[in-house]
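The block underneath contains the structure these notes are about, expressed in structure tokens.
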There are 2 protein chains.
Amino acid sequence: MAAKGQVTRQANKEKRKEKILTVARNLIAQEGFDALTVNKLAQGAGVTIPTVHNLFGKKNDVVLALFQRLVDKVDDVLAEPELVDPIQASEAFLDNLLALYSSDEAFYRAAFLGGERLGLFEHELNEGVFKKSIRVAERLCERALEHGYLQGRLDSRWLAQQLFGSQRLARQDWVSGYIDLAHYRQQALIGMLITFAADATPALHERICDRVSQLAR
Amino acid sequence: MAAKGQVTRQANKEKRKEKILTVARNLIAQEGFDALTVNKLAQGAGVTIPTVHNLFGKKNDVVLALFQRLVDKVDDVLAEPELVDPIQASEAFLDNLLALYSSDEAFYRAAFLGGERLGLFEHELNEGVFKKSIRVAERLCERALEHGYLQGRLDSRWLAQQLFGSQRLARQDWVSGYIDLAHYRQQALIGMLITFAADATPALHERICDRVSQLAR
DNA sequence: AGTAAAATTTTAGTATTAGTTAAAATTGGT
DNA sequence: ACCAATTTTAACTAATACTAAAATTTTACT
């Protein structure tokens, strides 16, 4: 049998946690990771400092919670690619990802930033998403090869790593505040297309060159 | 006319500054940027806290000094490429850079880390090196084109950006502690070669594929 | 509606850090 | 041996993360 008054309490607790996470997200996105102090967090959420600790534990646990939500969301959107054509697949993939990020830019920037600063990208927590991304990219290359878009002269795993790397670098620059989402898309897309061009059959190579020239600098 | 006793005093001052910078470098490289406290800095250098402030100013000015030395060193090694062949040029370029980094790995890791953390890469201080790197990469592409290694179907500026990006991503991973210098070289080289392959004439393309397959995973 | 118990927040505090400063002690050059 | 530059001693302020225990709120039951 449940203890007294668990349901409503739990719900309110969740509301406060959400509020705190929202404040954290905005603080990090607007003023940078170092601006995230428990004091500001508490003030912004309308609670006192120990409440933050009661709800999350250490300050880093707040960031950890933010990051966990990021991983869940990104994992969802990282579905198997349906398109076979490398150009279309690249654009669709980026559109998918970027649509997610645009839906709550402050949150995603903050969560990535926090993840970086806490060294969360080297640990198992993220390992799943990392490996999944590479696998999706590899599958993309293999299917392109099967359908005659690629020559197969370069190992799919290296192409995949490069595809992923192009996107990762652009994301870094976006998270660091150097570029906006539009440039993120452009930079990542060019990187992916150049990568495909490295092993493309003549027909695809021609199309990639055309597509790249369209992209204004 | 110089004031009394300036020469030796100045020299000793420099020695103390060097000592402090060395301690800072080791602290950052071994324990991370957040481990850098003025207290540890003073203790490690065998001086007191006010001395650190007297010699450098704010704590960040110590990191700034570290970063300035990095910029100077990297700028020196970023000479115009002498080789025309893209494969040879890529390897030579990376060997040059990596030789520099291996000569004092702790220093370079610490300085890059500090630069990132202080947001020094978006400011003018580094702008010079950034632009110079891109320019070197562009020149490389143009010369490769002139000598019949490239087809000229893809804009040199985009290829250059991608070349630079490949190296930058590998560097990031090294600075973050995910990979060592040997993997840095391999990762960057593969990225650069794949980039060249995207616009290579058949002969070069063949050679790049061969070279890439040699590189063990 | 009132009340006792449980969950939760707050009050008030600790410990560590960065960054200063004034005056005393030390160091180095001539 | 003297003088000037420099470092140290010995304080201070302000900000940070975090915690134990008291006070408060909320729930479920009568």
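The figures here come from the full heavy-atom set of this structure, side chains too, leaving out hydrogens, waters and symmetry mates. Quick caveat: nothing in here was measured; it's all calculated off a predicted structure.
Between the C1' atom of dA17(D) and the CD1 atom of I20(A) lies a distance of 15 Å, rounded to the nearest Å. Protein atom NZ of K40(A) is 11 Å distant from nucleotide atom P of dA15(D), rounded to whole Å. We find that CG of L41(A) is positioned 12 Å from P of dT16(D), with the value rounded to whole Å. In this entry the distance linking CZ of F56(B) with C1' of dG19(C) reads 16 Å, nearest Å.
Sparse packing is recorded around NZ of K73(B), with 12 or fewer heavy atoms of other residues, nucleotides or ligands lying under 6.0 Å away. Counting non-hydrogen atoms of other residues, nucleotides and ligands closer than 6.0 Å to CD of E82(B) gives a total of 12 or fewer.
With the nearest nucleotide of DNA chain D identified for both N39(A) and H53(A), N39(A) has the one nearer the 5' end.
With respect to Y184(A), the side-chain hydrogen bond (donor to acceptor under 3.5 Å, both in side chains) criterion is satisfied by exactly one of Q167(A), R171(A), Q172(A): Q167(A).
Of the side-chain N and O atoms in K58(A), one or more sit less than 4.0 angstrom from OP1 or OP2 of dT19(D).
Side-chain contact check for K15(A) versus E18(A): every heavy-atom pair is 4.5 Å or farther apart.
Contact check of residues 23-37 of chain B against DNA chain C (heavy atom, cut-off under 4.0 Å) returns L36(B), T37(B).
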Anything under 3.5 Å between a protein N or O and an N or O of nucleotides 9-11 of chain C, put it in a table, one pair a line.
{"from": "dT9(C)", "atom 1": "OP1", "to": "R16(A)", "atom 2": "NE", "distance (Å)": "2.2"}
{"from": "dT9(C)", "atom 1": "OP1", "to": "R16(A)", "atom 2": "NH2", "distance (Å)": "2.9"}
{"from": "dT10(C)", "atom 1": "OP2", "to": "T48(A)", "atom 2": "N", "distance (Å)": "2.9"}
{"from": "dT10(C)", "atom 1": "OP2", "to": "T48(A)", "atom 2": "OG1", "distance (Å)": "2.8"}
{"from": "dT10(C)", "atom 1": "OP2", "to": "T51(A)", "atom 2": "OG1", "distance (Å)": "2.9"}
{"from": "dT10(C)", "atom 1": "O5'", "to": "T48(A)", "atom 2": "OG1", "distance (Å)": "3.4"}

Self-check item: Worked verdict on R168(A) versus D173(B) for salt bridge (charged side-chain N to carboxylate O under 4.0 Å, His left out)
Solution: CA-CA 11 Å; R168(A) 199 150 65 90; D173(B) 287 344; 2.9 Å; yes
Exercise. Could you give me the CA-CA distance, side-chain angles and deciding distance for Y178(A) and F130(B), then say whether ring-ring contact (aromatic ring centres under 6.0 Å, His included) is met?
Key: CA-CA 13 Å; Y178(A) 301 153; F130(B) 186 89; 8.5 Å; no
Kindly list each side-chain donor-acceptor pair under 3.5 angstrom involving residues 107-119 of chain B, sequence neighbours excluded, with atom names and distances?
{"from": "R109(B)", "atom 1": "NH1", "to": "V175(B)", "atom 2": "O", "distance (Å)": "2.6"}
{"from": "R109(B)", "atom 1": "NH2", "to": "A29(B)", "atom 2": "O", "distance (Å)": "3.1"}
{"from": "R117(B)", "atom 1": "NH2", "to": "D34(B)", "atom 2": "OD1", "distance (Å)": "2.9"}

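Of the N and O atoms on the side chains of W158(B) and E138(B), not one donor lies less than 3.5 Å from an acceptor on the other residue.
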